[in-house]
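A short write-up of the structure that comes next.
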Amino acid sequence: MILTLARREWRAGLLTPLGWVMLAGSQAILAWTFLQTLERYTGLEASKRVVGLTLELSLNLWGLAAALTLLSAPLLAARMFAGERHEGSASLLGAAPISLAELVLGKYLGLAGLLTLVCLLPPLMALTVAGAAELDPGLLAAATLGLWLATLMFAAVGLFASTLSAQPGVALVAAYAILILFSVVGEAKKVLEPATSLFDWLSWNEHLLWFLVGAVRLSDLAYYLLFSTLFLALTHRRLANRRLA
Amino acid sequence: MPSLLEVTGLARHYGGRPALLGVDLTLERGGVLGLLGPNGAGKTTCLQLLSGNLAPSAGRVRICGIDLVRCPIKAKRHLGYLPERPPLYPEMRVDEYLELCARLHRVPSGQVAAAVRRVKSRCALEDVGQRLLAKVSRGYRQRLGLAQAIIHEPDLVILDEPTEGLDPEQIREVRLLIRELAAHCGVILSSHILPEVQAVCTQVLILRNGRPVHQGPLVPQQELHRSGTFRVRLDRPPPAQQLLRLPAVATALAGEDGSLRINLAPGLPPSALARALVEGGWGLRELTPERTDLERIYFETLGLELRGPEAAVAEGGVP
C-alpha cells in the first residue's frame, strides 16, 4: 500500500509541470554555479588555491543544492495533504482501508523520490569532469549523503506543514517559516551570551557542513534522522487529530 | 449474523457545538436508506462519520459487525464512499485512476484489471478510459465518483448526493445502478430530491439541526399510486356525501382553492376514480396525484406548512 501511494505521488509529480519546472530550474541554477566554480578554480594560480576542486565543488554546488531542495520540498509537499483537502480527493484516502502510518509513509516516500532527483544533479555534474580532474569520490559521496538527509528532513517538515491547513498557500508559508527558523537558529549564538551549543546543534546547516567537508559523523546522521522522524510523527498525529477535531 | 450496518448513539461535536446527536440506525443487505434534511442538518457529517473520514465524538458504528473506530482498516474493506465532490486526481487518466482506486481498496493485484473493466461497464465509462480526469464532463465526474465507490464490490455503499449535476437520463441510470447495487449490498444515500429518495429507498432518516426527527420504512412508489391522494377539479362539484358513495373514494375533502382532495379506496387503481368521476357527469377538469408519502412525512416532520408544490419549491428546493 505504501508503494501504491508513493507511486501515485511520484507520477503526479512528473505528470504536472511543477515537478519538471522544479527540476529544470534546479539544473539551470546548479549548472551555472558548477561552471562558475570550475572557472574560478582553473583561473587561479596554483599557489593561491586554498582547497581542492572537490571541496570547492562540494561547498558551492552541494551547498546550493541543499538550499534548492529547501525551497522545492514545501512546494511539492503542499499539494499532498493541503492540496488534496482543497481539491476534495482526501476523502478517497479517508474512506479507503489504509492506516494513517501507511498514508504518511507513502506520501513521504513519493516526495522523497522526487526530491532525490534534485540531489542527484550535483554528483551527475561532477561526473562530467571526472576524467579531466582528480576528484575525491569519498568526499562527494559524503556530501551527497548529507544533501539527501537534509532533503529528507525538509520533506518531512513540508509534509507536516501540509497537514496544518486545507489551503496549499498557507501550508507553504508554514513550511518555509519552520525551515527558516531551523536555518537561522544557529545565528542565535551571535546575539545570546554566553554562546550555547544547543542553537548550533538545532541548525540543519551546521550539520550539513560536516558532510560537505567529507566527515560523516553519527551525531549529524542522528540529527537528520531524528528530526525527519519527529516531523513524520507530528504529521501522523495531526492527521489523527483532524479526524477528531 | 450481524447486521450490515449498526449505528448506536452516533454524535459529533465541532468545538462545543453539536453537529450530530443521537443517531441510531440499522441497515440490512438489500436495504436502501435515504438521508434527508435541509441544508446544514448534518447529513454530510453523518456520512463522513459512517465512512470513517471523521471520528465520532460519541457512539458506535459497526459495519458487518466490525467496529469502525477500533478496527478501521478491516471495517473499511466493506465500505464504498462517494463524497459530495467526487474525489478525483485531475492529472490522471480514467483507467489509471480506477486502477489506483482498486489498489487503494485492496483489490488483489491479479484482479485489478478485471475490476476496472467491470466497473467501467457498470458505470458506462468504456469510451473514456484514456481521457484525462481534468477534461471529463460533470456527468462523467459523478460516474467516476460512483465507480471508485463500487470498484471493490463493497457490502455497504455510501453516496452523498449521487445525482447532483446529472441530466435526467443520467439520473435514471444512477437510480437503476442503485437498485442493482441494493440487490446484494446495502446503500445509504443523501439527497435533496424527495422523488428520487421515494423512488429508490426502502427506509428514510430525516435530520434537522443534527438530530434525527423521523426514521422509518418507506411505502414503495407503486403502492402509493394505488392508494394515494388525488387533487380533483370538477365543473359542477356534487355534495361531498354523493362523492363518498363512489366505491373508488375513501375520503373526500373540499380544498380552499375550490378543488377536492380525494383519497383513493385501498386496492383500486386511479383509473377507477377517473372513470367514476366521468360517469358522474360532473365535468372532470383535473385529476392530479397529490404529494407522495415521503413529501408529506418530510414537510410534516420539519414543521413546514403543506401547500402547493410551487410553495415547496420556494421553501425547500424540492422539485
Side-chain angles (χ1 to χ4, degrees), chain A residues 1-22 76 78-107 109-111 114 163 166 168 236-245, chain B residues 12-15 44 47-57 66 68-69 71-93 96-97 99-107 109 112 132-134 141 144-145 148-149 151-152 154 156-158 160:
Chain A
M1 187 53 67
I2 293 173
L3 286 179
T4 301
L5 290 162
R7 217 168 20 236
R8 195 212 92 71
E9 294 304 335
W10 172 266
R11 281 182 64 80
L14 295 180
L15 283 173
T16 50
L18 182 63
W20 290 107
V21 168
M22 182 198 79
L76 290 172
R79 64 182 171 79
M80 293 204 164
F81 289 114
E84 289 221 7
R85 273 175 80 194
H86 187 67
E87 298 285 326
S89 50
S91 47
L92 170 66
L93 301 173
I98 307 168
S99 69
L100 286 181
E102 285 174 322
L103 184 61
V104 172
L105 287 177
K107 297 239 174 217
L109 217 61
L111 180 59
L114 288 168
T163 62
H236 183 280
R237 192 67 252 153
R238 174 76 192 156
L239 289 175
N241 283 347
R242 215 170 57 196
R243 284 186 183 176
L244 293 165
Chain B
R12 170 75 193 194
H13 294 82
Y14 288 117
T44 295
L47 296 187
Q48 283 181 331
L49 288 167
L50 297 180
S51 68
N53 268 288
L54 282 178
S57 307
I66 306 162
L68 183 61
V69 175
C71 308
I73 296 177
K74 274 172 88 176
K76 285 176 183 178
R77 281 171 179 261
H78 301 277
L79 181 78
Y81 175 50
L82 166 67
E84 213 169 353
R85 246 193 318 164
L88 307 179
Y89 295 112
E91 74 280 357
M92 295 185 99
R93 294 185 189 279
E96 283 173 348
Y97 171 72
E99 196 180 305
L100 171 75
C101 293
R103 290 185 195 283
L104 289 178
H105 285 109
R106 298 187 190 262
V107 173
S109 293
V112 167
L132 271 178
L133 297 192
R141 291 171 74 84
L144 275 161
Q148 64 78 25
I151 194 164
H152 53 301
L156 176 65
V157 182
I158 299 174
D160 198 349

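Reminder, nothing fancy here: chain letters follow the sequence lines and each chain counts from 1.
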Practice prompt. Pick whichever of B:Arg77, B:Glu84, B:Arg106 has the most heavy-atom pairs under 4.5 Å with chain A.
Written response: B:Arg106
Response to the item:
Residues B:Arg85 and A:Glu87: closest non-hydrogen pair is NH1-O, 3.3 Å
Fill in: Proximity breakdown for A:Ser99 and chain B, heavy-atom pairs closer than 4.5 Å
both
Item to complete: Taking the side chain as every heavy atom from C-beta outward, state whether B:His105 and A:Pro97 have any atom pair closer than 4.5 Å.
Response: yes
Worksheet entry | Shortest non-hydrogen contact between A:Arg11 and B:Glu96, atoms and distance | NH2-OE2, 2.5 Å
Worksheet item: Does the pair B:Tyr89 and A:Leu15 meet the rule for a side chain to side chain contact (heavy atoms under 4.5 Å, CB included), with working shown?
Response: CA-CA 11 Å; B:Tyr89 295 112; A:Leu15 283 173; over 6 Å; no
Fill in: B:Leu104, part contacting chain A, at a heavy-atom distance under 4.5 Å
both
Discussion item. Can you list everything that forms a side-chain contact (heavy atoms from CB on, under 4.5 Å) with B:Ala134? Sequence neighbours excluded, please.
Written reply: B:Pro90
Practice prompt. Measure across A:Arg242 and B:Leu54 and return the closest heavy-atom pair with its distance rounded to 0.1 Å.
Written response: O-CD2, 4.4 Å
Discussion item. To the nearest 0.5 Å, what is the distance between CZ on A:Arg7 and CZ on B:Arg103?
Written reply: 6.0 Å
Worksheet item: Of the non-hydrogen atoms in A:Ser91 and B:Pro83, which two are nearest, and what is the gap between them?
Response: OG-CG, 3.1 Å
Item to complete: Considering non-hydrogen atoms only, spot the tightest contact between A:Ala90 and B:Asn53 and give its length.
Response: O-OD1, 4.1 Å
Worksheet item: Of all heavy-atom pairs between B:Glu91 and A:Ala12, which one has the smallest distance, and what is that distance?
Response: OE2-CB, 3.3 Å
